[in-house]
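Whatever order the structure lists ligands and atoms in, that order sets their numbers, starting from 1. Throughout, numbering of the chain's residues begins at 1 and tracks the sequence. All values below come from the heavy atoms of this structure, side chains included, with hydrogens, waters and symmetry mates left out.
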Amino acid sequence: MINVTRTYLPSFEAYCEKIKPLWETRWLTNRGAYALDLEKQLKQKLNVNHMLYVNNGMVALQIAIKALGLKGDIITTPFSYVATTGAIIWEGCNPVFVDIEENTFCIDADKIEAAITPDTSAIIATHVFGFPCNIEKIQEIAEKYNLKVIYDGAHAFNSFYDGNSIFSYGDVSICSFHATKLFHTIEGGAIVCNDPALEEKILLFHQFGHLYDDYKEMGINAKVSELHAAMGLCVFPLIDEIIEKRKFVFEKYKQELKDLPVSYPTTRDLEGYNYAYFPVLFESEEVALRVKSQLQIEQIFCRRYFYPSLNNLPYVEYQACPISEDISSRILCLPFYPDLEESDIVLISNLIAKNV
Ligand SMILES: *Cc1c(COP(=O)(O)O)cnc(C)c1O
């Protein structure tokens, strides 16, 4: 069986060695030594000053919304994982969808202004597949209309834009360290901001809103365990090697598929690309579904990322986003992980060639 992704694991022995001291210290959660160490290493690698390691990416988004005090309408993208819209609604806000760019699949910043009303409090945009949004334009609009900006950077671990970590943009950026993501701690995520006061608030919110006996705010539990942080510490030193291998798989696929009627999203900043996914756009939904089902017969599993276009979710008010709906209907993410065998890439590509 070949799955769309295959979680990268350190050796069993390395992980056991790492967690062994925990049987002595019995300190398993509440900002333990491993969580703090991982946070420090991540900050260095990503070159950001204020980052909190939390238990997952969706809660990271929810805390960001809460910490920025967002209310009313939030402009967002229909082309993302359901957690982006879900976090907005769960926090009592209302998603307003703005269609995406045909080339990057990120929110079309040129269409944002038309969607702004007096009820708009923020823009939550996703760096889809790690490709940067139109950061300059979004910043310009946010300043003009006094809106907050949150970037869902769940796919954007180690993405850089214009020489800076992609997480350094916006009021808050979040990342996911879920087992299916580029870097993982089994479950996990991070909240990044540029403001120490906001960071303090986020820290407080993630631990029930209190510091020892001082109960300051209403909070939630987004703390991480030392067993999760230990996994992160084992995977982290291998990350450059993982990305290097992904790059190889990426280029091999591109080579194998080069004569086929398929296309790909493009990125604003290839220098900062992280090789997190391998999305392919087919000519029609019919072709995409045929490829998916024919590969499935061979026990090869692609995923419809992202489908449905989030403006079509049954619990949101429908607002038309024709580009997102079109792309959602005919995109597939192919199996993509660092140790995907060359022979499997050839096999998958040949099966695709027979069905497009
Ligand atoms: C995975 C993902 C999330 C949610 O992250 P979790 O850590 O799984 O909660 C949010 N947004 C996007 C775009 C994602 O792909």
Side-chain angles (χ1 to χ4, degrees), residues 3-5 7-8 35 38-39 42 51-66 74-91 93 95 97-98 100 104-107 122-133 149-159 166-167 169-170 172-192 206 220-225 228-229 231-232 235 265 267 274-279 302-311 313 316 324 327-328 331-333 336-337:
N3 230 326
V4 68
T5 186
T7 299
Y8 192 90
L38 182 61
E39 216 172 74
L42 289 170
M51 166 188 275
L52 183 71
Y53 171 36
V54 294
N55 61 347
N56 66 65
M58 180 162 177
V59 164
L61 275 173
Q62 290 174 238
I63 292 176
I65 292 169
K66 197 74 107 193
I74 296 180
I75 289 176
T76 190
T77 175
F79 194 73
S80 184
Y81 183 56
V82 69
T84 316
T85 295
I88 293 171
I89 299 173
W90 199 271
E91 290 306 321
C93 297
F97 296 102
V98 166
I100 60 173
T104 66
F105 303 173
C106 293
I107 195 167
I123 301 165
I124 300 187
T126 301
H127 299 303
V128 180
F129 305 129
F131 301 150
C133 296
V149 177
I150 298 175
Y151 284 114
D152 181 340
H155 306 163
F157 185 83
N158 213 48
S159 282
I166 207 162
F167 300 131
Y169 298 97
V172 179
S173 292
I174 70 98
C175 192
S176 167
F177 304 151
H178 182 255
T180 56
K181 304 295 206 271
L182 177 58
F183 166 72
H184 82 96
T185 66
I186 310 172
E187 290 273 0
I191 311 176
V192 182
H206 108 293
I220 199 167
N221 181 0
K223 291 180 283 114
V224 285
S225 87
H228 290 83
M231 177 60 80
V235 177
T267 170
N274 69 357
Y275 301 94
Y277 294 87
F278 197 84
C302 303
R303 285 297 299 270
R304 300 186 87 186
Y305 283 150
F306 292 102
Y307 176 88
S309 182
L310 299 172
N311 55 319
L313 288 170
V316 307
S324 176
I327 287 169
S328 278
I331 194 168
L332 292 179
C333 280
F336 190 56
Y337 44 86

- Which atoms of ligand 1 are found less than 4.0 Å from any heavy atom of S176? 5 (O), 6 (P), 7 (O), 8 (O)
- In this structure, CG of N274 is separated from CZ of F183 (nearest 0.5 Å) by 13.5 Å
- Just how far is it from atom OG1 of T5 to atom OH of Y277, taken to the nearest 0.5 Å? 7.5 Å
- Item | Protein heavy-atom partner closest to atom 14 (C) of ligand 1 - residue, atom, separation in Å | A154 CB, 3.3 Å
- Item | Atom pair CG/CD of L52 and E39 - distance to nearest 0.5 Å | 5.0 Å
- Query: With sequence neighbours left out, which residue pairs that include part of residues 75-91 fulfil the salt bridge (Lys or Arg N to Asp or Glu O under 4.0 Å) condition?
  - Reply: K66-E91
- Message: Is there a polar contact, in the sense of an N or O pair closer than 3.5 Å, between F306 and ligand 1?
- Response: no
- Can you list the ligand 1 atoms lying under 4.0 Å from a non-hydrogen atom of Y81? 2 (C), 3 (C), 12 (C), 13 (C), 14 (C), 15 (O)
- Task: Quick one: sort the F129 and F105 rings into parallel, tilted or perpendicular, breaks at 30° and 60°.
- Result: perpendicular
- Query: Roughly how far, to the nearest 0.5 Å, is the OG1 atom of T126 from the CG atom of D152?
  - Reply: 4.0 Å
- Note on the structure: So for D152 against ligand 1, with non-hydrogen atoms under 4.0 Å, the contacting part is side chain
- Message: Checking a contact table here: which protein heavy atom is nearest atom 9 (O) of ligand 1, and how many Å away?
- Response: M58 N, 3.0 Å
- Message: Show the atoms of ligand 1 that are less than 4.0 angstrom away from any heavy atom in G188.
- Response: 7 (O)
- Message: Give me each pair satisfying side chain to side chain donor-acceptor pair (under 3.5 Å) with a member in residues 180-191, each pair once, sequence neighbours excluded.
- Response: Y53-T185, H178-T180
- Task: Would you kindly specify which portion of H155 sits under 4.0 Å from ligand 1, judged on non-hydrogen atoms: side chain, backbone, both or neither?
- Result: side chain
- Message: Taking a cutoff of less than 4.0 Å between a non-hydrogen atom of the residue and any ligand atom, is G189 in contact with ligand 1?
- Response: no
- Task: Note the single closest protein heavy atom to atom 1 (C) of ligand 1, along with its residue, its atom name and the distance in Å.
- Result: K181 NZ, 1.7 Å
- Item | Per-atom contacts of ligand 1 with S80, taking only distances under 4.0 Å to non-hydrogen atoms | 13 (C)
- Query: Is the number of heavy atoms from other residues, nucleotides or ligands within 6.0 Å of CZ (R303) greater than 12?
  - Reply: no
- For N56, the ligand 1 atoms whose distance to one of its heavy atoms is below 4.0 Å: 7 (O), 9 (O)
